[in-house]
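A short write-up of the structure that comes next.
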Amino acid sequence: MSLTVRPVKYADQPDYTRLGGEAFGTPGDGRPVPTREEWEAAGFREWGAFDDDGLAARLRVYGFTSWFHGARVPTAGVAGVAVEPERRGSGHLGRLFDAALEQAREHGEVISTLYPTAPGIYRGLGYEVVGSYDDVDVPLLNLNRVAAPEGVVTRRAGIADFDAMVAVHHRWAAAQNGPVSRAEKPFWTPPEKFFADYTGVTLAIDTTEGTAGEVIGFASWIRGEGYTPATALMEVDDLIALTPDAARALWRTLGSFSTVVGTARVSTSGLDPAWLVLPDLTSTVHSAHPYMLRILDVAGALGGVRSPLEGARVPFAVRGARDLDGAWTLTVSDGVTHLERDALTIEDAHHQRPVLSPNGLALLYAGAQSAANLRLAGHLTGAPTHDTALTALFPPRQLHVRDYF
């Protein structure tokens, strides 16, 4: 049976929507086909694999930027992956990803990310789990024991505060690995819509002399229904603080609901610094969504990263994906990494330098694992002479994801 992989057209939308319903479920009122205007305005790129019987597999790519190593990195976010059950295991998915990721490179996107339902499938395509987007339940009664903040008060935000909130998110995200910049669709939201989506947005305001009035944190929340603590639940999408007292102020404001709401369900990743100001870490993970990353362009992703290791020279190689295989030398000059491709076979490289699998490269870049741990997992082989330098260039770091697509 012949197979054609191509961008999805609007005429394909009924089949594209149907296949999405089969994979992810159909609401009781059905899954409507978008209008042409809605589809064209969405800003994503859709791909399909078509055989003699029609659409056999599909996926969607969002182009955006995410923060890694203090810079906004062009990212291809893959979502909505589905294969007809009768075609699963046929290899359609590999061809679909090949085409979609080649287009992503043409758009200048140097990494790709996705939320998997089955991580093993995507590991074979070079993706690796580097973090998780979690919904965590926090008993509000515990928040009443958070120490009172010094030099910080809270107040309700309005549209006039939107730019200050964006600046807080920017400062916070630039210090992390992984956050979406929220500068492009579908993550950029007009201020009016942002505030309409929440019951309230609370600001943490600095009151210390010299910086009084500065916004240093915010929390966006949905109150939810009911007023019985045993059953009432509020949702917190953002709790971002630039100082420990800003975090304390926001937590205490949420805790003031404890007489009528029992639990706050907070969207977070890992051990967020804002949690470290709590008197204890009593919480329950309600749901976890693993986050996977793949490098699309070795030089594009690893080059241009700011580094204090001036003068460093680190040879390495990548083996296991035809689009990434090769030998490289990374140098640091003027405080920035630079990469050059070496004329060296992978076999020769294996005897002379560290060799990363595509999965190991993703883990190293994200700061999810040290070189020593990558060797323990089999994702780093070859000569170990530069392992310490690789870890120093891309040190282990908490990955934070705050947006789901």
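Side-chain N/O atoms of Thr202 and Thr253 include no donor and acceptor closer than 3.5 Å. Residues Thr329 and Asp342 bring a donor and an acceptor atom of their side chains to less than 3.5 Å of each other. Remark: the Asp135 side chain and the Ser287 side chain contain an N/O donor-acceptor pair separated by less than 3.5 Å. Neither side chain, His338 nor Thr331, offers a donor N or O lying under 3.5 Å from an acceptor on the other. No side-chain donor-acceptor contact under 3.5 Å links Ser267 and Asp238. In summary, the side chains of Arg265 and His286 do present a donor paired with an acceptor at a separation below 3.5 Å, with no hydrogens or angles considered.
Annotation: side chain to side chain contact (heavy atoms under 4.5 Å, CB included) contacts of Ser307 (sequence neighbours excluded): Leu309, Val332, Thr337, Leu393. Under the side chain to side chain contact (heavy atoms under 4.5 Å, CB included) criterion, Thr259 pairs with no residue, sequence neighbours left out. With sequence neighbours excluded, the residues satisfying side-chain hydrogen bond (donor to acceptor under 3.5 Å, both in side chains) with Thr381 are His350. A search for side chain to side chain contact (heavy atoms under 4.5 Å, CB included) contacts involving Pro354 returns Arg375, Leu380, His386, Asp387, Leu390, not counting sequence neighbours.
Residues in residues 291-314 take part in these salt bridge (Lys or Arg N to Asp or Glu O under 4.0 Å) pairs, two or more places apart or across chains: Arg294-Asp323. Residue pairs meeting the salt bridge (Lys or Arg N to Asp or Glu O under 4.0 Å) criterion with at least one member in residues 116-133, sequence neighbours excluded, are Arg123-Glu128.
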Query - salt bridge (Lys or Arg N to Asp or Glu O under 4.0 Å) between Arg248 and Asp245, intermediate numbers included - result: CA-CA 5 Å; Arg248 292 185 183 102; Asp245 280 310; 3.0 Å; yes
Chi angles and distances behind the side chain to side chain contact (heavy atoms under 4.5 Å, CB included) call for Val285, Ser132
CA-CA 11 Å; Val285 176; Ser132 181; over 6 Å; no
| message | Please determine whether salt bridge (Lys or Arg N to Asp or Glu O under 4.0 Å) holds for the pair Glu22 and Arg88, giving the CA-CA distance in whole Å, both sets of side-chain angles, and the decisive distance to 0.1 Å. | response | CA-CA 13 Å; Glu22 288 184 8; Arg88 290 171 188 162; over 6 Å; no
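No side-chain heavy atom of Asp134 sits less than 4.5 Å from a side-chain heavy atom of Val266. The shortest side-chain heavy-atom distance between Arg155 and Asp161 falls under the 4.5 Å cut-off. Counting heavy atoms from C-beta outward, Phe257 and Arg223 have side chains that approach closer than 4.5 Å. In this structure, the side chains of Phe97 and Val5 stay at 4.5 Å or more apart for every pair of heavy atoms. Considering only heavy atoms from C-beta on, Trp328 stays 4.5 Å or farther from Leu302 through its side chain. Between Val298 and Phe316, some side-chain heavy-atom pair lies under the 4.5 Å cut-off. Contact annotation: the side chain of Trp275 approaches that of Trp251 to within less than 4.5 Å [non-hydrogen atoms, C-beta and beyond].
Classified by interplanar angle (parallel below 30°, tilted 30° to 60°, perpendicular above 60°), the ring pair Tyr365/Phe394 is tilted. Aromatic ring orientation, Trp67 versus His170: perpendicular (interplanar angle above 60°, classes split at 30° and 60°). In this pair, Tyr404 and Tyr133 present their aromatic rings tilted. The plane angle is within the 30 to 60° band.
To the nearest 0.5 Å, atom CG of residue Leu363 and atom CG of residue Leu293 are 8.5 Å apart. Distance check: Thr211 OG1 to Asp206 CG gives 3.5 Å after rounding to the nearest 0.5 Å.
Using a cutoff of 4.0 Å between basic side-chain nitrogens and carboxylate oxygens, Arg18 and Glu84 are scored as salt-bridged. Look at Arg319 and Asp325 and you find no salt bridge, because none of the NZ, NE, NH1 or NH2 atoms lies under 4.0 Å from a carboxylate O. Ion pairing between a basic and an acidic side chain is recognised when a charged N comes within 4.0 Å of a carboxylate O; Arg58 and Asp15 show no such pairing. Look at Arg60 and Glu46 and you find a salt bridge, because one of the NZ, NE, NH1 or NH2 atoms lies within 4.0 Å of a carboxylate O, short of that distance.
Remark: aromatic rings of Phe218 and His169 are distant, center separation not under 6.0 Å.
Taking each heavy atom of Thr17 and Pro34 in turn, the nearest pair found is OG1-CD, 3.9 Å. For the pair Val277 and Ala247, the tightest heavy-atom approach, listed with the atom from each and the gap, is CG2-CB, 3.9 Å.
Judged by a 6.0 Å distance limit and a 45° cone about the ring axis, Arg6 is positioned over the six-membered ring of Phe50.
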